[in-house]
Amino acid sequence: MKIKELLHYTYIFPVLAVGYYFSGLMGTGVVFDVVAGLLLTGSVLSAVHHAEVVAHKVGEPFGTIILALCITIIEVALIISLMVAGGEQAITLARDTVFAAVMLILNGILGICILVGGVKYYEQFFARTSATTYLVSIVSILVLTLVLPNFTSSVNGPFYNQAQLIFVSIACLVIYGIFLMVQTIRHRNYFIVPEEHPEEHYIPSFNKTLISFIFLVICLAIVVMMAKGLSTTIENMVQSMGAPKSLVGVIIAAVVLLPEGLAAIRAARGNQIQSSLNLALGSALASIGLTIPAVSVVCIMYDIPLVLGLDKKDIILLSLSVFIVMLSLSRGKTNILYGTVLLVNLAAYIFTVIVP
């Protein structure tokens with residue numbers, strides 16, 4: 001790569017953000033937190049750029065899988081570090097974060113993608129088999145992890161005992177593992193829509209792809225670390241507004257999901273709704289399919305009780321969201337109504353977090 005290319009903002013922002021994070025200036029004043037917020041935003045935009053470079057090189061569906069897995073792994077690390085530091089005060093952290101991520105992805109990212117694509121192209125077409133494959137896996141894992149704990153009788157409350165937790169974790173990994181095999185090997189054609197002009201796509205060199213992948217990991221890591229560093233500021237802001245503390249988890253989840261959200265929206269604007277679906281639904285599946293087993297291992301090792309079951313209100317909102325997504329993706333084409341309804345569901349979720 002040329003030195004001029006390395007001076008692009010997508011390389012400068014992550015380096016500045018890393019230096020600023022380790023300088024210790026975050027959290028020392030409003031001005032410093034604003035600067036941190038600007039660097040965080042620049043790192044998010046940089047992550048989107050590098051993710052697209054990697055995606056162009058490896059092709060679909062591998063490009064979207066890489067971004068989804070990177071974000072999920074870093075999300076898991078963030079949850080585990082907060083849980084270990086918080087002890088029993090953080091027993092609902094994994095559930096709340098996973099639930100917030102799923103609701104933001106299904107209603108927010110997917111809703112905006114469908115709406116943006118519908119406004120620009122009226123209808124966008126995708127492989128219906130891909131949506132069915134995603135949703136079968138997502139619904140199964142959602143019920144096993146966030147709903148079933150409320151109805152087991154071995155332990156009082158929305159908990160699993162250790163044997164149940166191990167079984168559900170293995171079940172999640174089996175479903176996700178088989179899904180990856182289906183997506184990448186056995187039925188890869190489900191997740192790819194043939195393009196009219198494939199020769200128009202620029203394929204980056206191996207060296208540029210490798211550098212972009214390294215910077216993608218750096219960007220995602222610094223986004224999560226800065227989100228964690230700003231969590232106290234965000235919490236104080238939420239408390240000053242008189243809103244519940246659970247809103248903090250929603251805000252942090254939104255920041256962590258920004259890179260893949262922006263990448264999915266850009267794909268929808270470019271009439272690549274299949275890539276948007278691969279990003280959104282793939283991230284939702286990875287978020288629950290990998291996070292719960294990883295957190296379960298930590299909770300068993302450190303003997304931390306883990307609340308997984310949602311309350312009745314959240315179960316209703318989750319059921320509504322999944323049902324609407326299933327209906328919206330059942331015909332293999334989208335329009336603005338589907339996106340609007342999903343965004344209304346998102347607004348209802350956020351509103352009931354603030355006004356429970």
Side-chain angles (χ1 to χ4, degrees), residues 65-105 134 137-184 217 220-221 223-225 227-228 231 246 248-249 252-253 256-257 260 281-311 314 318:
I65 291 174
I66 289 172
L67 181 56
L69 287 178
C70 284
I71 289 178
T72 302
I73 291 170
I74 296 171
E75 179 187 354
V76 168
L78 175 62
I79 293 173
I80 290 175
S81 64
L82 291 174
M83 286 192 72
V84 173
E88 292 191 3
Q89 295 181 354
I91 60 175
T92 62
L93 179 64
R95 179 200 67 183
D96 293 343
T97 304
V98 169
F99 178 57
V102 169
M103 293 295 286
L104 289 171
I105 291 170
Y134 277 120
S137 307
I138 290 172
V139 171
S140 177
I141 296 180
L142 279 174
V143 173
L144 287 174
T145 56
L146 300 180
V147 178
L148 187 60
N150 290 323
F151 301 97
T152 54
S153 55
S154 299
V155 182
N156 291 326
F159 299 90
Y160 276 137
N161 63 26
Q162 184 169 322
Q164 292 169 334
L165 201 57
I166 292 173
F167 170 78
V168 169
S169 298
I170 294 173
C172 290
L173 293 175
V174 169
I175 291 174
Y176 188 70
I178 298 298
F179 170 83
L180 279 184
M181 184 189 73
V182 168
Q183 187 182 23
T184 58
V217 175
L220 296 176
V223 164
V224 173
M225 288 190 292
K228 180 181 176 182
S231 61
S246 55
V248 177
I252 293 177
V256 173
L257 292 172
E260 60 189 339
L281 297 180
S283 297
L285 181 57
S287 180
I288 51 176
L290 297 179
T291 301
I292 298 300
V295 171
S296 298
V297 170
V298 172
C299 289
I300 292 172
M301 289 175 55
Y302 289 89
D303 196 26
I304 301 174
L306 177 63
V307 174
L308 283 178
L310 296 170
D311 59 29
D314 289 338
L318 179 63

Original post:
Are Leu142 and Val147 side-chain neighbours, meaning at least one heavy-atom pair lies under 4.5 Å?
Top reply: no
Original post:
Is the shortest heavy-atom distance from the side chain of Tyr176 to the side chain of Leu285 under 4.5 Å?
Top reply: yes
Subject >> Close side-chain approach of Leu144 to Cys172, heavy-atom, < 4.5 Å >> reply: no
Original post:
For Ser287 and Val98, which heavy atoms make the closest approach, and how far apart are they?
Top reply: O-CG2, 4.3 Å
Original post:
What distance separates Phe167 CZ from Ser296 OG, expressed to the nearest 0.5 Å?
Top reply: 13.0 Å
Original post:
Are the side chains of Leu165 and Leu308 in touch, meaning some heavy atoms are under 4.5 Å apart?
Top reply: yes
**OP:** Calculate, to the nearest 0.5 Å, the distance between atoms OH and OG1 belonging to Tyr160 and Thr145 respectively.
**Re:** 7.5 Å
**OP:** Using atom types as modelled and distance alone, determine if a side-chain donor or acceptor of Arg95 lies under 3.5 Å from a backbone N or O of Leu310.
**Re:** no
**OP:** Test Ile175 against every option in Ile141, Leu180, Ile170 by the side chain to side chain contact (heavy atoms under 4.5 Å, CB included) rule and name the one that passes.
**Re:** Ile141
Subject >> Flag side-chain contact, heavy atom, 4.5 Å: Leu173 against Leu290 >> reply: yes
Subject >> Whether Thr152 side chain and Pro149 backbone form a donor-acceptor pair below 3.5 Å >> reply: yes
**OP:** Please round to the nearest 0.5 Å and tell me the distance separating atom CD of Gln164 and atom CD1 of Ile166.
**Re:** 10.5 Å
Original post:
In Å, rounded to the nearest 0.5 Å, how long is the span from SG of Cys299 to CZ of Phe159?
Top reply: 10.5 Å
**OP:** Taking all heavy atoms of Val102 and all of Ala284, pick out the closest pair and write down the distance.
**Re:** CG2-O, 4.5 Å
Original post:
Measuring from Phe99:CZ to Thr92:OG1, what's the distance to the nearest 0.5 Å?
Top reply: 13.0 Å
Subject >> Nearest-0.5 Å distance that lies between atom CG in Leu146 and atom CG in Asp311 >> reply: 11.5 Å
